[in-house]
2 protein chains.
Amino acid sequence: MPSRPKQPSRSKPAVKARSTATPSAAKAKRRPTINDIARMSGVSKKTVSRIINDSPVVNEETRAKVKRIIAETGYVPDPQARGLAFRKSFLIAMIYDNPSPEYIVSMQKGILSAIEGTSFQLVVRPCDRTKPTFLSDMRSFVERQRLFGVLLPPSVSEDEGLVKVLRELNCDYVRIASVSLDKPEVMLVTNDHIGGYEAGQHLAEQGHKIIAHVSGLKSFRSVHERRRGFARALAENGIDLPEKLVLEGAYTFESGLACGEKLLAMKPRPTAVFAGNDEMAAGIYRAARNHGLEIPRDLSVVGYDDNPTSLRLWPPLTTIRIPTENNARMAATMLIKKAPVPHDDTLPSLVVRESTAKPAKS
Amino acid sequence: MPSRPKQPSRSKPAVKARSTATPSAAKAKRRPTINDIARMSGVSKKTVSRIINDSPVVNEETRAKVKRIIAETGYVPDPQARGLAFRKSFLIAMIYDNPSPEYIVSMQKGILSAIEGTSFQLVVRPCDRTKPTFLSDMRSFVERQRLFGVLLPPSVSEDEGLVKVLRELNCDYVRIASVSLDKPEVMLVTNDHIGGYEAGQHLAEQGHKIIAHVSGLKSFRSVHERRRGFARALAENGIDLPEKLVLEGAYTFESGLACGEKLLAMKPRPTAVFAGNDEMAAGIYRAARNHGLEIPRDLSVVGYDDNPTSLRLWPPLTTIRIPTENNARMAATMLIKKAPVPHDDTLPSLVVRESTAKPAKS
DNA sequence: GCCGTCTTAGAAACCGGTGTCAAGTTGAGG
DNA sequence: CCTCAACTTGACACCGGTTTCTAAGACGGC
């Protein structure tokens, strides 16, 4: 046989008596490896590898033949072996410090829907940015797992130290944040100032004049953006937003309650409040109840997020909807494709329900 | 040094101009491998491997020396390479179909705290048991990822088909369910009948006589257990639980609302309701409001779960607390240790708040 | 002193893929 | 007919670990 393509010398290891002796071994239907596919197709494993990786340098005929065999056997390459050779795993991590379960689960859903059908898997990794070992923890996590990439929702997305580590480790990432902080192909911008603007515009249209804002912690970018958009809308309607009507909460129910109590004790009392998120809006509801005030008759409230809880409240909360799941899907797609993805549906939008109305004539 | 171990010939790949375009690549301080440790310690890689895996057949002196070097270099074995050789990854999957974000996040937290400091990672995998391809999807997922193990919260934990697949694939698992369905070392039992009993006992003690129950879908084991415990408590107090006072909901707000509406239209009207979960309790709150009834004056309500939302409701909800995070931690620990873990704090317990009171004299 | 056993250690193959590089074919151009 | 480039393909080393098998010493018993 002069020029027959050499078969990958199948060095038959002389029937290892033990392992094949068990009659039950028959059922152990070991799943096919790249070597099996190569042998069955009469090509080398390298060629099979090329086909798996969509290399362009393969003859169409060969490609078709091997692809057929792959389909017939149901062969799927082993992610660990591939990862080892690539020096890159097929794991995508979501690193987060956001405490809201609804937000986390929406994010995960979006990411999962983006990686469905690919070889990627999602690993979750909560963190605490205030821990002294935060950066070194993250470094060893990313390095050891040889992560394919990382998704960063707020507020970790604002952590330049973390991003620097990721760059050093040559780990891809996509940041989800209220404003652009990085190259467009690694940023998914949520435009929180637009959400704030919509909230302000809505309350102004209702005719409110004394309008308050309970913000989140001012160290977050999104908090600043929401307030900025909100103030702009009020200004356009000739309404002032004095400093004393802006209270800093912490995105929690309790902080919303506390800020609500303060606002409702003021003279004159604000007739409307824009809460930085729904959780704090729920706190403000509680404060209103404590003061014997009725929503929306005595106080209009606008939230932000459109949590499921905003529908549980009574009356149902007017709020700014964030398409979190969709945003996460887009971000994950960007990460995988390594390119910006066209999207026109990531903007926050006003959802009018029953917690806002014209102010009562005083 | 006669028998010096062969060095892994470090084939310097001649500075690939393109991919190393980033100047930062220069400092790419490659992390140490098992070969480096072996060379530095003057032993073979197999010996290092033995030490990593706590094999007993290593001389104490050698072990100490190598361990020192490992500590000095900060060496950590590569999970992918290890997984490839072991034919088992270091991934633990949480497969779930529970729709509650609070529950999912609590579970994840518990699992993450159990695997912290180990080489395991958590991958999340929601599923839909009603999909025709459910079992084959799960099979290929588990097989391809060569999962170390799987955690099954309700209701997937009740799916015997899935469990059979896991056994076939030789994949370890731990099931979290209301009653024991399997060997003790793979079961974490939540004893929902006790929670139901506590709810019933509490309402009976308040003096209620006409008590209703809004259950979840009866196909779930937990639903049956909660009802069984509840009915037993009532029976012990000489209270009947007629069939028509047990309505089947679906663990959703909407189904709670619908069942609440039905109950409150009855004559005589029940003075207390035990909801199968907090979400449905919230729906019952809404129904009470629609009927102009006040909680707890006109209607006492007990929930189940102790969601964060149960504190957002007004009045705060009396409910049965499930230590979800702790349960998940226990289950994950069992999975890793491959043995039952002693636990005495996985029982549901009554949390009395303000949604229950003595019935009004009619 | 010889031999079997126990302890400790290493060489080589292997897990299932990919990168490198060289070689065989083919067709166009001289 | 020869040369050269383009196109395909495969051998081989390698990714970073583990398993198998073999062997060198140490030790005790005969």
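- A salt bridge is defined here as a Lys NZ or Arg NE, NH1 or NH2 lying under 4.0 Å from an Asp or Glu carboxylate O, and B:E61 with B:K65 fails to meet this definition.
- Under the ring-ring contact (aromatic ring centres under 6.0 Å, His included) criterion, B:Y75 pairs with no residue, sequence neighbours left out.
- Residues meeting the salt bridge (charged side-chain N to carboxylate O under 4.0 Å, His left out) test with A:K164, sequence neighbours left out: A:E168.
- Atom NZ of B:K45 is separated from atom C1' of D:dT20 by 14 Å (rounded to the nearest Å).
- The distance from atom CZ of A:F90 to atom P of C:dG17 is 11 Å, rounded to the nearest whole Å.
- Counting only residues at least two apart or on different chains, no salt bridge (Lys or Arg N to Asp or Glu O under 4.0 Å) pair has a member in residues 79-95 of chain B.
- Atom CZ in B:R144 sits roughly 15 Å away from atom C1' in C:dG16 (whole-Å rounding).
- Judged as a salt bridge (Lys or Arg N to Asp or Glu O under 4.0 Å), the pairs with a partner in residues 149-162 of chain B (not counting sequence neighbours) are, in order, B:R129-B:D159, B:E160-B:R175.
- Other residues, nucleotides and ligands contribute only 12 or fewer heavy atoms inside 6.0 Å of the CG atom of B:N170.
- Within residues 77-88 of chain A, the residues approaching DNA chain C are A:P77, A:D78, A:A81, A:R82, A:L84, A:A85, A:F86, by heavy-atom distance under 4.0 Å.
- In this structure, B:N35 places its CG atom 13 Å from C1' of C:dA11, rounding to the nearest Å.
- Of all the residues in residues 47-65 of chain B, B:T47, B:R50, B:V57, B:V58, B:N59, B:T62 reach under 4.0 Å from DNA chain C with at least one non-hydrogen atom.
- The salt bridge (charged side-chain N to carboxylate O under 4.0 Å, His left out) check on B:R50 picks up nothing, with sequence neighbours excluded.
- With sequence neighbours left out, the side-chain contact (heavy atoms from CB on, under 4.5 Å) criterion links B:T133 to B:K131, B:S136, B:D137.
- Between the P atom of C:dC14 and the CD1 atom of A:I34 lies a distance of 17 Å, rounded to the nearest Å.
- For the helix from C:dG1-D:dC30 to C:dG30-D:dC1, the terminal axes (five pairs an end, C1' atoms, rotation from four pairs onto the next four) enclose an angle of 60°, given to 10 degrees.
- Distance B:R31 CZ to D:dG16 C1': 10 Å, rounded to the nearest Å.
- We find that CZ of A:R39 is positioned 16 Å from C1' of C:dG17, with the value rounded to whole Å.
- For A:D78, the salt bridge (charged side-chain N to carboxylate O under 4.0 Å, His left out) partners are A:R31, B:R146, not counting sequence neighbours.
- With sequence neighbours left out, the salt bridge (charged side-chain N to carboxylate O under 4.0 Å, His left out) criterion links B:R144 to no other residue.
- Applying the 4.0 Å criterion to OP1 and OP2 of C:dG16, one finds that A:T33 has every side-chain N and O outside that range.
- For B:F148, the ring-ring contact (aromatic ring centres under 6.0 Å, His included) partners two or more places apart in sequence, or in a different chain, are B:F120.
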